Every structure is written in structure tokens, then in C-alpha cells.
Trainee: 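First the structure, which I've put down as C-alpha cells, then a few questions once you've had a look.
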Amino acid sequence: MSSRISALIRHKSLHQNNRSDGDKAKDVDSETSLSMSSPHLPNLDECVEIYLNVWDEFRTESFSINEFVVELQSRNPDTDIFADGGPQRQFDLLVAYGLFEKVSSNRYQVRCSPDETQLEWWQQLETQIETLHNAVHQTQQITSGENTHPLLTYRGDRYVSLYINQQTQHTDISESLEEIEEFHDGIVLRSPAMIADDVQDIADSLSAGKLNAEEVFEKVNSEVKGADSTDLEFRLYMNPHHNS
């Protein structure tokens, strides 16, 4: 256990021993109320300790699990920081919680600094919440058979998804556009990041009205999404073009 965590525990124990029974009873009521309203986060204590140790050692530099374990054990050979499941489980949870970002197949980076405010953490995690929300609704739409072109929310607007791979032809896009009953705020062309150039080519054709589509679209923005750099998705957002 790190010196920081140990000091906090010792301070809390001394403070509790010097308090009255009435105060302790109030604490029990408060903790009971808190536990009923707060979400349960698996292995939270272990994850927080790992997070703080990582921050002390690596700051914003990338690191691997092995590098972290070696460094931690060199400072504290008797550490019992890992709960059941081993370090991989804790790191997976820290990525899921949004505190770490997976920057390659085996390397991580601190995503939210302990020096930042709660608002800054919210801003960091906004894209993660958006990704989860979109994934749930897309899967729900596909499995229910409601829509083969699920909606994607971007900056408050809703875009109809068109998936593109290396085999996608311009005629495929034209046929997909004909299937869509409502474009909402526009369309988003989605593909593996490695074929982003192909998406740009299709977008240029859409903008120029070369795909025989009833609607002409113009590029709005683009982004690359994904927690793992080996599995990134390119997204290009397009709005219907309205002549002024």
C-alpha cells in the first residue's frame, strides 16, 4: 500500500477514535444513505490506488502494465495492491472508468489528472459517455430490426450512419441513401481509420452531386474515435446542402 493511502487511513482511524458515539451514529446514517444512492464501482479502492501510483511515477507519459508492476515492486516488494483478477483486470476497469486511456495494444496513459477540477473530468469523459450512448442505441436499433443505418449523435445533432469498407462502391452509397427515409440533421460516413482517404473521396462525390442522389451533402466535420489506436474509426459528418 502506498504511503499516501496509508497516511490517510491512519489519520481517519485517529479521528474516528476521538469522536463521540453520537457523531459516529450520524456517520453510519450518512454512509448508509450514500451507499444507497452511489453507484457501485468494482474494485474502486484498488483502482484509485493504482491510478495515484501511476500518476506519481509516470504523469502523462505512456506506460505498460509490466513497467508499472516492476516499478511498484521495486519500491514496495510486499505490495498487495491488486485484487482478485490481477493487474490486467484493474487496468481494464481504469480504462472503462475513464481514468486511463489505452494508446496501443499494451500501453496506457493517464487521461484525467488528479490536479484537474471535476468539471474538467466531466469534459474529458463526455466523449466516452457519448460513445456508450451511441453504442447502446445503435445495437438496439439493429437487433430490433428498426434501422440498418443507426443514428449517431454529434454535438447535439443526429446523423444517419453509412458504413464504408474497402469493398464499398459509389453505387452502394447511392443505394443506401435511397433506403433512408429521414436524414435528420445529416449523414455520417464511418470506416476503419486506415481507409479515411476512401471516405473523403466518397464525400467529395456526394458534395459534387456525382452519386445520383436526390440530396446533395456538404462536409461539416470529421473525427477519429476509439480507445485503442489499433482499432480506430474515422467519421465524416455531412449536412444536406441548402442553396442560399
Side-chain angles (χ1 to χ4, degrees), residues 39 60 94-103 109-113 115-144 146-165 168 170 172-174 176-211 213-244:
T60 59
L94 282 160
V95 171
Y97 293 158
L99 295 180
F100 286 175
E101 180 178 7
K102 196 170 185 181
V103 295
Q109 196 168 19
V110 171
R111 184 179 183 185
C112 296
S113 160
D115 301 327
E116 293 174 325
T117 65
Q118 188 178 82
L119 176 60
E120 288 173 315
W121 278 33
W122 272 113
Q123 292 170 339
Q124 289 272 16
L125 298 176
E126 184 178 358
T127 56
Q128 191 164 5
I129 295 169
E130 181 182 285
T131 298
L132 287 169
H133 186 268
N134 284 329
V136 168
H137 281 265
Q138 289 170 28
T139 303
Q140 187 179 45
Q141 289 173 331
I142 292 172
T143 55
S144 66
E146 294 178 4
N147 193 354
T148 56
H149 303 287
L151 291 176
L152 192 68
T153 302
Y154 177 70
R155 295 182 177 176
D157 292 332
R158 295 186 299 170
Y159 292 83
V160 179
S161 296
L162 292 178
Y163 294 96
I164 296 171
N165 56 41
T168 301
H170 285 198
D172 298 325
I173 299 299
S174 298
S176 294
L177 290 172
E178 291 176 1
E179 296 173 357
I180 299 172
E181 296 179 359
E182 182 181 359
F183 291 110
H184 297 276
D185 296 300
I187 62 174
V188 52
L189 306 180
R190 306 171 63 179
S191 76
M194 67 181 65
I195 61 168
D197 288 343
D198 294 341
V199 176
Q200 292 284 4
D201 178 56
I202 290 173
D204 289 339
S205 296
L206 279 169
S207 298
K210 296 180 179 179
L211 297 189
E214 293 182 4
E215 193 83 48
V216 176
F217 295 87
E218 57 185 355
K219 297 179 185 179
V220 178
N221 212 339
S222 63
E223 62 179 349
V224 176
K225 303 288 287 186
D228 190 337
S229 62
T230 62
D231 186 26
L232 297 175
E233 180 179 276
F234 177 69
R235 298 175 181 176
L236 194 154
Y237 300 89
M238 305 188 75
N239 286 350
H241 177 71
H242 302 292
N243 293 323
S244 57

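Bear in mind that the values here come from a model prediction, so they are computed numbers and not experimental data.
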Trainee: Run the side-chain contact (heavy atoms from CB on, under 4.5 Å) test against W121 and tell me which residues pass, sequence neighbours left out.
Mentor: Y51, L99, C112, E116
Trainee: Are any of the side-chain nitrogens in E233 or K225 under 4.0 Å away from the carboxylate oxygens of its partner?
Mentor: no
Trainee: Testing the 3.5 Å rule here: is there a donor-acceptor pair between the side chains of N165 and T168?
Mentor: yes
Trainee: For S191, give me all partners under side-chain hydrogen bond (donor to acceptor under 3.5 Å, both in side chains), at least two apart in sequence or on another chain.
Mentor: none
Trainee: Please name all residues satisfying side-chain contact (heavy atoms from CB on, under 4.5 Å) with A203, sequence neighbours left out, ordered by chain then number.
Mentor: L189, K219, L236, M238
Trainee: Calculate, to the nearest 0.5 Å, the distance between atoms CZ and CD belonging to R111 and E101 respectively.
Mentor: 6.0 Å
Trainee: Indicate the atoms forming the closest heavy-atom contact of S161 with R190, along with that distance.
Mentor: OG-NH1, 3.0 Å
Trainee: Determine whether Y154 and V188 make a side-chain contact, defined as any pair of heavy atoms from C-beta on separated by less than 4.5 Å.
Mentor: no
Trainee: Output all residues satisfying side-chain contact (heavy atoms from CB on, under 4.5 Å) with I180, sequence neighbours left out; order by chain, then residue number.
Mentor: H149, V160, L162, L177, F183
Trainee: Quick one: list whatever passes side-chain hydrogen bond (donor to acceptor under 3.5 Å, both in side chains) with Q124, sequence neighbours left out.
Mentor: none
Trainee: Determine whether I164 and I173 satisfy the following criterion, side chain to side chain contact (heavy atoms under 4.5 Å, CB included), listing intermediate values before the conclusion.
Mentor: CA-CA 9 Å; I164 296 171; I173 299 299; 4.0 Å; yes
Trainee: For T117, what residues pass the side-chain hydrogen bond (donor to acceptor under 3.5 Å, both in side chains) criterion, not counting sequence neighbours?
Mentor: E120
Trainee: Working to the nearest 0.5 angstrom, can you tell me the gap between Q200 CD and S207 OG?
Mentor: 9.5 Å
Trainee: Holding to side-chain contact (heavy atoms from CB on, under 4.5 Å), I want the full list of residues that pass it with D198, two or more places apart in sequence or in another chain.
Mentor: I195
Trainee: Roughly how far apart are I187 CD1 and S176 OG, rounded to 0.5 Å?
Mentor: 9.5 Å
Trainee: Can you name the closest pair of heavy atoms from P150 and Y163 and give their distance?
Mentor: CG-OH, 3.6 Å
Trainee: Using modelled atom types only, decide if a donor and an acceptor are shared between the side chain of D157 and the backbone of D185 within a distance under 3.5 Å.
Mentor: no
Trainee: Y159: what forms a ring pair (Phe, Tyr, Trp, His ring centres under 6.0 Å) with it, not counting sequence neighbours?
Mentor: Y237
Trainee: The criterion is salt bridge (Lys or Arg N to Asp or Glu O under 4.0 Å); which residues satisfy it with E126, sequence neighbours excluded?
Mentor: none
Trainee: For R235, does its backbone N or O pair with a side-chain atom of S222 as donor and acceptor, under 3.5 Å?
Mentor: no
Trainee: If the condition is side-chain hydrogen bond (donor to acceptor under 3.5 Å, both in side chains), which residues does D201 pass it with, not counting sequence neighbours?
Mentor: H170
